[in-house]
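Report on the structure given below.
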Amino acid sequence: MPARRADSRAALSRTLDANLCKRCQGNPPDITVRGELLCKECFFRYVSTKVVKRMESFRVRNSQPGAERTLLLPISLGSCSLSLLHCLNSQLVRQNERTGRPGFKLHVLHVSDTESTAHLDKVKALFPDHVYSVIPLSDVSQLHYVTSIFSDQDRPTDLSGLLESLKSATSRTDISQILLRKLIVHFAQSHGCEAILWGDSTTRLAERTLAETAKGRGSSLPWIMTDGRSFQGITFYYPMRDLLTKETLSYLSLLQPPLIDLVVKDEVKPAVSTKNATIDDLMRQYFRGIERDFPSIVANVVRTASKLDSSLLDHAEAHCELCDMPLDGQSPENSRICYGCIRTLP
Amino acid sequence: MAPHVCEICQTARAQILRPKNHARICAPCFISTFEAEVAETIMSTELFQPGEKVAIGASGGKDSTVLASVLKTLNDRHDWKLDLVLLSIDEGITGYRDHSLEAVKRHSAAYDLPLKIVSYQELYGWSMDQVVAQIGKKGNCTYCGVFRRQALDRGAAMLGVGHVVTGHNADDVAETVLMNLLRGDLPRLSRATNILTHTPSAAKATADSCSQEVSFTDVKRSKPLMYAYEKEIVLYAHHKKLDYFSTECIYSPEAFRGSARTLIKNLERIRPESILDVVRSGIDMAKLVPGGDINCQGSCSSNKKQTVAANADNEEEAEGGCGSSNGKESGGEMAQMELKLQQDELAETSGMETEIKLPAKVTQAANKSDLSQNTASTGMSSIPIRTKQTKSLGKPERNVAPPKQKLGQCERCGYLSSQAICKACVLLEGLNKARPRTGIEVGGNPG
């Protein structure tokens, strides 16, 4: 975008009117983004640029007319995945306007155990052009290769029984997340999706970096953080990786009409008793503070973790049967699961 | 509820809830388990050679006191034939170090181990009190850290010892892992998780180890307590009735470390095992650090070559007892990093750095920060040194694409340094120059 660059250079040399949006100098500012006062329009452009940049491979010119690639978009109805859905929907609309055809197709997946689909129905109504599916997490019990690990350990193989058998809240969250990811990957593979678009923001990825480190899963970090082929054999993308969680919240609130009411609040309870607190809760709270005071440090954590070189473990032959990470010296002899999973399944 | 019986001996009443795994055990079983675990660490990593001379970096605090006590006990019990000595550094901080040194002197007598005290005053001509008087309360941790790293090596060389053990515990290592994730320093993360770190010349020296001479440039460092919980170290000291000095240095820990420390404490509350899990993650991550080589233990400079310039300079700073290796005022450190990252980001988005390729950009940014750091720490007298620094830094940056650092020796003192002049000498030059200069400026000011 040479034009914008020239713009901003010119803008730098001009004296800026501090009462106007720092980028366009046309509108009054609505929000402070990483130290810059921006108007709504410039903020929307900021968000969408960050996402579109990550979706380079899915430009119209890379797609076959009539045979667009299908991408799975799992949504939790949190602010990150909803913002991503909104951005991608707008991108598709723009692609259609400009070239008459889209660069990709979206298959939206919501994993939920509740009967009510009211929330998702509203989302569907807003973005009707995509395929939607809802499946319960308990479907994971039907995946034999997952349940065999638990039955071998004499654990219940149905989801609720399994979770109840785990002692700590941290273990329950950990296992639920692993199973959730496995279920989503399975769904993508069995529904002809070429890749999975995860909604994790920078903040979420930073939280995960420290949470996985604290759970003894440090060696899995390079696979969690990077776009590309995953160990499950399908490609992962993290289009929201350059945006903070608080920016997704502002995005949804500033949109016309605002979408913020569609966000299903994830209950971050302040840790009253540490007994039921989880490592994930702790990291979420920690980064909520860091995000407020030092947003660039959040991004720095993710950048650092992404620098770890996953190719150094490419030679690993065995993989953890639970979380799929390479078992290269990560676990005792003859173990089928990794150190982190052993920790979580005591 | 009936009192619990010790899970290990099944006879005595359990007095201790083990912090590491919440096992209920009695005090004697705890002591022997703790010692057995340290012995296991030492033996499985083949940390010492039989008959090796080993200096225990002794500050008088709980960690080094327990380390000295355990090593002495294990050495006798397992007949390792180690030649143990206590090595203390006197930074010259009145009201802090003089008291803790008294504790070390008592240990020396109690364990019948020889003691060597090396002072900053005798090594550098400056005590920390004098440094603080010269440069003020801000930024003096840099001096202390840089000086300490060399002091331990120099002290060991004076004693003819090629191996220094320090009291870093599992909490310290876990803290360092999280801290370096927060501030994006993978090489340091990697080094912190290695139980043994040594320099390339140390590796060479082992080949002809018959020579008695030990140079201060090839001293090994190790952390035999790196798998021991801080809480268990305190418990061990308590039940063994060890006498230690428990006052932190008067300077508060740097912000990143403080932040990481709080996080580790909270993690421990949620899942006690997580301290060791963080250590474990750190060890695994160290294997994935680009350019890292597991065999050479992460610290040796041939491995370090590929790390960016900023780290090469920091390398000479201590992993230190006081935990402060960065001379920023404590609260401002994270804010300063935030500012720098924001500027980098801004530069990138507004396209001001388009011409520069990625690796070169890293060097430049790193050098920039180095320079500013030097300027900040050497204060008003920095101008002549800074020009010199720019020259020596400038060369490698221009002609090589990947920013490789060669570890050479300081032109002045011979200590290991990636620069022509090591950081300690640069700092000293600043201090020494400022002495007469202050006088002149005061005289000239009224006009």
Side-chain angles (χ1 to χ4, degrees), chain A residues 1-2 4-6 8-9 11-12 34-36 168-171 206 209-210 212-222 271 274-279 281-283 285-286 289-290 293-301 303-305 307-313 328-330 339-340 343 346, chain B residues 21 174 177-178 180-187 189-190 193 255-256 259-260 262-264 266-271 273-294 331 333-346 349-352 354:
Chain A
M1 286 171 286
R4 198 170 70 78
R5 212 169 268 153
S8 57
R9 260 192 206 149
L12 278 174
R34 314 220 182 172
E36 282 184 38
S168 73
T170 296
S171 294
T209 302
L210 290 204
E212 301 292 345
T213 304
K215 293 177 195 165
R217 298 181 187 277
S219 63
S220 70
L221 287 176
T274 47
K275 217 170 193 179
N276 291 319
T278 66
I279 289 178
D281 288 340
L282 174 67
M283 294 308 173
Q285 278 166 26
Y286 178 74
I290 298 278
D293 300 330
F294 311 111
S296 301
I297 289 179
V298 179
N300 199 38
V301 172
R303 208 177 306 133
T304 308
K307 273 190 219 150
L308 294 171
D309 187 356
S310 60
S311 68
L312 292 171
L313 277 182
D328 183 52
Q330 307 300 308
Y339 178 86
R343 265 283 191 257
Chain B
N21 54 14
V177 168
L178 293 191
N180 284 316
L181 276 175
L182 287 174
R183 63 173 183 199
D185 194 337
L186 285 179
L189 182 149
S190 152
T193 54
F256 277 107
S259 187
T262 317
L263 208 47
I264 288 288
N266 287 333
L267 274 175
E268 189 183 13
R269 238 169 269 148
I270 293 176
R271 192 197 258 184
E273 296 90 342
S274 59
I275 291 184
L276 280 183
D277 292 346
V278 172
V279 173
R280 167 74 190 230
S281 285
I283 293 172
D284 289 343
M285 281 188 253
K287 295 178 194 156
L288 303 177
V289 173
D293 180 347
I294 312 149
E333 196 198 24
M334 286 177 106
Q336 257 178 10
M337 171 130 184
E338 171 70 23
L339 196 69
K340 188 191 164 289
L341 289 169
Q342 261 176 20
Q343 283 164 349
D344 288 356
E345 209 169 311
L346 189 72
T349 45
S350 55
M352 291 192 288
T354 39

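Throughout, protein chains are lettered first and strands after them, A, B, ... in sequence-line order, and every chain is numbered starting at 1.
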Practice task
Check whether any side-chain N or O of E338(B) sits under 3.5 Å from a backbone N or O of I297(A) as a donor-acceptor pair, and report yes or no.
Solution key: yes
Handout entry: Option that, when pairs with chain A are counted at under 4.5 Å, heavy atom only, ranks first among L276(B), L182(B), V177(B)
Key =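 Most heavy-atom pairs under 4.5 Å with chain A: L182(B).
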Let's test your reading of the structure: which of [options] forms the most heavy-atom pairs below 4.5 Å with chain B?
options: P222(A), A305(A), P295(A); result: P295(A)
options: T209(A), N300(A), T170(A); result: N300(A)
options: V298(A), L282(A), I290(A), D293(A); result: L282(A)

Problem - Shortest non-hydrogen separation from S281(B) to R217(A) and the atoms involved - result: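 Taking S281(B) first and R217(A) second, the nearest heavy atoms are OG-N, 3.3 Å.
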Problem - Segment of R343(A) engaging chain B (4.5 angstrom heavy-atom cut-off) - result: both
Practice task
Answer with side chain, backbone, both or neither: which region of L221(A) has an atom nearer than 4.5 Å to a non-hydrogen atom of chain B?
Solution key: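 For L221(A), the contact with chain B is made by the side chain alone.
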Is any side-chain heavy atom of [Y] closer than 4.5 Å to one of [X]?
X: L267(B); Y: M283(A); result: yes
X: V278(B); Y: L210(A); result: no
X: L308(A); Y: V289(B); result: yes
X: M285(B); Y: T213(A); result: yes

Handout entry: S259(B)-Y286(A) side chain donor-acceptor pair, cut-off 3.5 Å
Key =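 The criterion, which ignores hydrogens and geometry beyond distance, is satisfied for Y286(A) and S259(B).
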